[in-house]
Undergrad: 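Submitted below is the structure of interest, expressed as structure tokens.
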Amino acid sequence: MEKHVVVIGAGPAGLETSASLSKLGFRVTLVEKEEATGGHLKKWHALFPTLLSGKDALESITKELNSTIKIQTATKITGLEAVNDYFTISGHNGWQEKADAVVLTTGFQLFDSHRKEEYGYGIYENVITSADLEELFASGKEFVNRHGNKPERVGFVHCVGSRDEKVNNLHCSKVCCITAVKQAIEVKQLLPDAEIFCFYMDLRMFGRHYEELYKEAQEKYNIQFIRGRLSESTEDHEGNIVVKVEDTLLGKPLRIKVGLLVLMAGMEPRAGTKSLTTMLGLKNVPDGFIQPVDEVLRSNFTEIPGVFVAGTCSGPKSVSDTLADARSAALAVADYLKS
Amino acid sequence: MTFDLFVLPFFIGLLFLLGVLVVKYSRWIAMMDASDRVKAGMALFSFSLLKTIKEIFMESLLHRRMFKRNPLLGFMHMSFALGWLLLIVMGNLESRVYSGGHINPPYYPIFLKFFIHDKRVLPFEIFTLPGFFRFIMDLILLFVLSGLVLALFKRTRSKWFGLKRTTVHNSFDKWAITSLWLIFPMRLLAESFTAGIYKGGGFLTNTLGSFFNLIFPLEYLAYPAWWAYSFMLGIFFVTLPWSRFMHIPTEVILIFLRNAGIEQGKYPGSFSEIEINSCPRCGVCIDVCQMNQAGLTGSTAVYFIRSLRDQQTDVQLNSNCMMCGRCLEACPVGIDTLGLRVGARRVDNKGIISDFSYLMKQPLIKKKTEVVYFAGCMGHLTPGVKRAMLQIFEKAGIGYTFLDEDGSICCGRPLKLAGMQEAALKLVSENTVKIKNTGAKILVTSCPICYKVFNNDYKLEGITVMHHSVFIDNLVKEGKLILRPSALKAVYHDPCELGRGSGIYEQPRNVLKQIAEVSDVAEERANSLCCGGSIGDLAMNAIQRNVIRDNALNILCQSRPDVLVTACPLCKKTFDSGNTIVVKDIAELVADNMEPNKLQLHAAELIDQQCVIS
Amino acid sequence: MEKKPKNFGYSVTRDRQIDFDANNHDICKIVTKAEPTLNLCISCGSCAATCTAGQFTDFSLRQVILLLRRGETKDLDKEVSKCMLCGKCQLVCPRNVSTRNLVIQISKALCDNRMSAS
């Protein structure tokens, strides 16, 4: 009998895992809680380091799905249980399935920047998040701040909701540094006269061509990097944002006015992921991401045989890392089901 | 016969105790500031003495505050204190019936039943004078014994007494309490045995004596029982000055001095010593102390005060306290636990240098308005609160000066709580100049920490200090601000410095009730919990603070409200970091739910009419 | 460790460089023991950015911590004496360093050091 795999979460990881599993000859059901598939990628304008369009990326991933894959959207998982050698899965709308294996591809949630009240998101109009900026890019509208002005200065704040124990997130979200560099370049392309500043603690340019993009930002776009973490921001009477950091390399506090402040919101484990792992009886670890059996050797395996994990639900990843992880998970599933 | 050798343990113990007390009291009087001595002397001849006597009766004997906490606990303490006093007083009167009104040696009334066997009185006769005394003395003894039974129960069933945890006593206190507990059963046995032999005694001792007579050779047991009774008294008296029972003679002095208007000095001195010695280690402060949740059980007020008395203070113990004041609120003796803690920190941090000379060059704000607003240091980390306040000023048409718009000078309270009084005063004087220079009549602050110190330590003649919750409440009452009800379900958290610290409970609730449906919280007003973010503590780590925060959030969110409302930027930030519920300051909720005021409405109407006309 | 000056044919200004080997590292050890979160600092500078004292005078807790770790404890007591203990830094620190206690412990350790020296 054809073995059946249920993939939970239809972002890049879920889509890629499903496509790969289907190509390997398994019957696949892809479950998604939202109306549409695609996850965060739906709203993302362009991807680092090549500025590949998010829309194109999603289209090319989706193209690989074949028609035998059943896509169950608008379904929230309410039951997930291991019974003997199979799993029963049920949704809030009465949907039910049996599966021989389950892949968790539930992804991440963007850190809610309201939680850093001192940064002013939701209080000062010209404080936005990196995700808001992508939407602004994608909309194709004229690049103006909330007061309708072309900002003369734009600031990017790294590590918002990442590397911050005050919001219980010790982890590095990995992709924000390079995203800030990418977005800084994009803003500069739209506003050639604007001055762009990145406020960072450490610049983690770990991937191929990331350092090159960073260099390009310096060389071609004159983007200024200031080593200091934002402590708080205020608003002046014209609606500019006054940023307070210490210029740590100079050892002096620095105040600077910007017309738009972009918070590089980090990745957090989804609240829903925890409820799934709890249903399965998987151990929850402090950072909230799903813990694979071994982070180096068996990164797609969980403690429960037949339950696999791919993408950002097991830790922050770029889109390219996520896709590779998804294909690796499909092979792990195949290995498990064929033995 | 008016003497027997067995009275010696009691008598020597009593003399020893009195001697020690005289030495201790003289030392305390000698240590006192001259001005305090004068105050105390005056109080001896003033009306405050009546107040003192009433308070001693209500608290030291009846244990009113203990009763309020838990009736069983109150009764237990009352039976010991009042019962024992009555035994002494009535015993004295009874002894005079037999001695023809002479003053007897002190041991005589205590051991009266050994010396006097009045066979004329029938056991259950109560309408003659000797009979009445026999009856009443047995009744009082029964009263004390009932307290003893409760005290024994409290060992294993402390929850019945409203105490989840009780004090862990040191071995010395255990000796003292054992002797105390044995005093009254020993008295009962001695009196019953003697009553059994001579067919005397009242309803209790006679009945027991007749019973014991059937099974025991009482003529051999009675005399040793009197020795044992005397010994227990002697041991108790000798151990008393070094045990927690020192509180019995000291609390009386404390009440007197407090009513005389004497306070703790800058450094631990005579008054603090008296407070420290007045702690009965009853343990009422243990359950209320949130430090226990973080595993910091040793720093609770009772143990902290014991460490002061034993002169074994350690810095960690002194530093580990959020200064939330819950123990102060609960303490039946009214010991200023927070003041003692600050005093201990003063000693710890004596050598620390503070230099704020850099503040001298600060420019003064020239703008003059009736109202001046001070957000406070923490307020700058909650821009939502700041913005809400500015919107409220605008909406109510209040002209204001934002004193610390470009950054505050700290109010000095954190330094004060760290025991660095002199450094704090430098900041106080800096801010005083800045505030007074504005010529304002009202100083509004968003931070309860600033509010408390502005009120208590600043000399701002002619300027009314208001926390923003009070200011908003006034605006609403004056009709300058009209609030719009919402469908929100809210709970209100009393910040320590605003509620317990400054007695402001109603104003924020008045305001909140006009906007949201407010549910009660298990621990609120004077019993409100600390959020865990307190600047009062110096040594706690983040994990410990988070435990306290999460426990408080649990209790606050029991009714599943939509929003947790508070009135302190520090509480707000702390609870916010728990990420369990929407946390808002009262000012933010007001700013979100205010209507244009009448004047503005009127102006708008006029414009509308003009539009219609034209 | 006895240091013998070598003649390289040129001189290095001693004041400029951190002479790590010659510096006193005991104070850092004492402070670390009293407030272990000292070790968690990643020098992000949030404390200095938000600092109430830092807006009026040259004072950076981040620098104080680094100087302490390098054993550069001369004049450090003058630095920490500027702190008002307001606690803003503790609220913004992403690593949950107990900054207020840290300041107190540094002051105390330096004070004790002064006492024992005199």
Side-chain angles (χ1 to χ4, degrees), chain B residues 315-316 319-320 345 348-362 376-382 404 406-420 423-424 426-427 430 447 449-450 533-546 569-570 573-574 577, chain C residues 30-31 33-41 46-60 75-118:
Chain B
V315 179
Q316 201 68 18
S319 311
N320 260 331
R345 289 176 182 180
D348 291 342
N349 296 339
K350 220 172 177 175
I352 296 180
I353 314 164
S354 289
D355 180 7
F356 304 129
S357 50
Y358 58 83
L359 288 175
M360 299 302 180
K361 298 152 217 151
Q362 282 317 297
C377 298
M378 299 300 175
H380 292 293
L381 294 177
T382 53
D404 58 343
D406 294 324
S408 327
I409 297 176
C410 177
C411 63
R413 179 102 177 120
L415 279 167
K416 198 183 168 194
L417 289 173
M420 291 152 74
K426 287 182 208 164
L427 299 184
E430 277 302 319
C447 177
I449 304 166
C450 303
S534 166
I535 49 141
D537 188 281
L538 299 170
M540 243 198 300
N541 66 34
I543 298 165
Q544 291 162 330
R545 285 180 183 276
N546 290 353
L570 185 52
K573 275 217 81 62
T574 309
S577 71
Chain C
I30 293 165
V31 176
K33 203 172 166 220
E35 187 47 70
T37 60
L38 165 69
N39 281 341
L40 302 178
C41 176
S46 318
C47 49
T50 199
C51 181
T52 298
Q55 59 190 332
F56 305 112
T57 182
D58 220 6
F59 173 56
S60 161
D75 295 333
L76 213 53
D77 47 352
K78 273 193 202 126
E79 280 305 303
V80 285
S81 74
K82 298 169 183 170
C83 172
M84 307 186 199
L85 283 184
C86 75
K88 273 183 90 185
C89 48
Q90 194 151 331
L91 277 189
V92 298
C93 178
R95 279 300 188 90
N96 280 336
V97 176
S98 292
T99 51
R100 297 174 74 237
N101 195 36
L102 187 60
V103 167
I104 290 177
Q105 295 307 329
I106 293 172
S107 291
K108 269 191 192 167
L110 291 167
C111 172
D112 293 347
N113 190 53
R114 258 198 323 273
M115 299 282 218
S116 61
S118 61

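Quick note: numbers below take in every heavy atom, side chains included, and nothing from hydrogens, waters or symmetry partners. Residue numbering restarts at 1 for every chain, and letters A, B, ... go by the order of the sequence lines.
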Undergrad: Side chain, backbone, both or neither: which part of B:Leu359 has an atom under 4.5 Å from a heavy atom of chain C?
TA: side chain
Undergrad: Can you say whether C:Ser98 sits under 4.5 Å from chain B via the side chain, the backbone, both, or neither, judging by heavy atoms?
TA: side chain
Undergrad: What are the two closest heavy atoms between C:Val80 and C:Phe59, and how far apart are they?
TA: CA-CE1, 4.2 Å
Undergrad: Any donor and acceptor pair, going by atom type alone, linking the side chain of B:Asp404 with main-chain N or O of B:Gly376 inside 3.5 Å?
TA: yes
Undergrad: At a heavy-atom separation under 4.5 Å, does B:Leu427 approach chain C through its side chain, its backbone, both, or neither?
TA: side chain
Undergrad: Who wins among B:Val315, B:Ile535, B:Asp537 for the most heavy-atom pairs under 4.5 Å with chain C?
TA: B:Ile535
Undergrad: Keeping the roles fixed (side chain from C:Gln105, backbone from C:Leu102), state whether a donor-acceptor pair exists under 3.5 Å.
TA: no
Undergrad: Is the backbone of C:Thr50 close enough, under 3.5 Å, to the side chain of C:Lys88 for a donor and an acceptor to pair up by distance?
TA: yes
Undergrad: Do B:Lys426 and B:Leu415 touch side chain to side chain, with heavy atoms closer than 4.5 Å?
TA: no
Undergrad: What part of B:Ala423 lies closer than 4.5 angstrom to a heavy atom of chain C: side chain, backbone, both or neither?
TA: neither
Undergrad: If we only count heavy atoms from C-beta on, is the B:Asn349 to C:Ile104 side-chain gap below 4.5 Å?
TA: yes
Undergrad: B:Cys411, B:Ala542, B:Ser408: which one forms the most heavy-atom pairs within less than 4.5 Å of chain C?
TA: B:Ser408
Undergrad: Side chain to side chain contact (heavy atoms under 4.5 Å, CB included) with C:Leu110: which of C:Asp77, C:Asp75, C:Ile30, C:Val31?
TA: C:Asp77
Undergrad: Check each atom of B:Asp348 against the heavy atoms of chain C and say whether the ones under 4.5 Å are side chain, backbone, both or neither.
TA: both
Undergrad: With a 6.0 Å cut-off (strictly less than), is the heavy-atom count around CD1 of B:Ile543, excluding the residue itself, greater than 12?
TA: no
Undergrad: Measure distances from B:Met420 to the heavy atoms of chain C and classify the residue's part below 4.5 Å as side chain, backbone, both or neither.
TA: side chain
Undergrad: Could you tell me which of C:Asp112, C:Val103, C:Leu85 has the largest number of non-hydrogen atom pairs under 4.5 Å with chain B?
TA: C:Leu85
Undergrad: At a heavy-atom separation under 4.5 Å, does B:Leu570 approach chain C through its side chain, its backbone, both, or neither?
TA: side chain
Undergrad: Let's test your reading of the structure: which of C:Thr57, C:Val92, C:Thr37 forms the most heavy-atom pairs below 4.5 Å with chain B?
TA: C:Thr57
Undergrad: Can you say whether C:Ala53 sits under 4.5 Å from chain B via the side chain, the backbone, both, or neither, judging by heavy atoms?
TA: both
Undergrad: Return the option, out of C:Cys111, C:Cys86, C:Gly87, C:Ser107, with the maximum number of heavy-atom pairs under 4.5 Å with chain B.
TA: C:Cys86
Undergrad: Contact part of B:Arg413 toward chain C, heavy-atom cut-off under 4.5 Å: side chain, backbone, both or neither?
TA: neither
Undergrad: Can you check whether C:Lys82 reaches B:Tyr358 side chain to side chain, under 4.5 Å on heavy atoms?
TA: yes
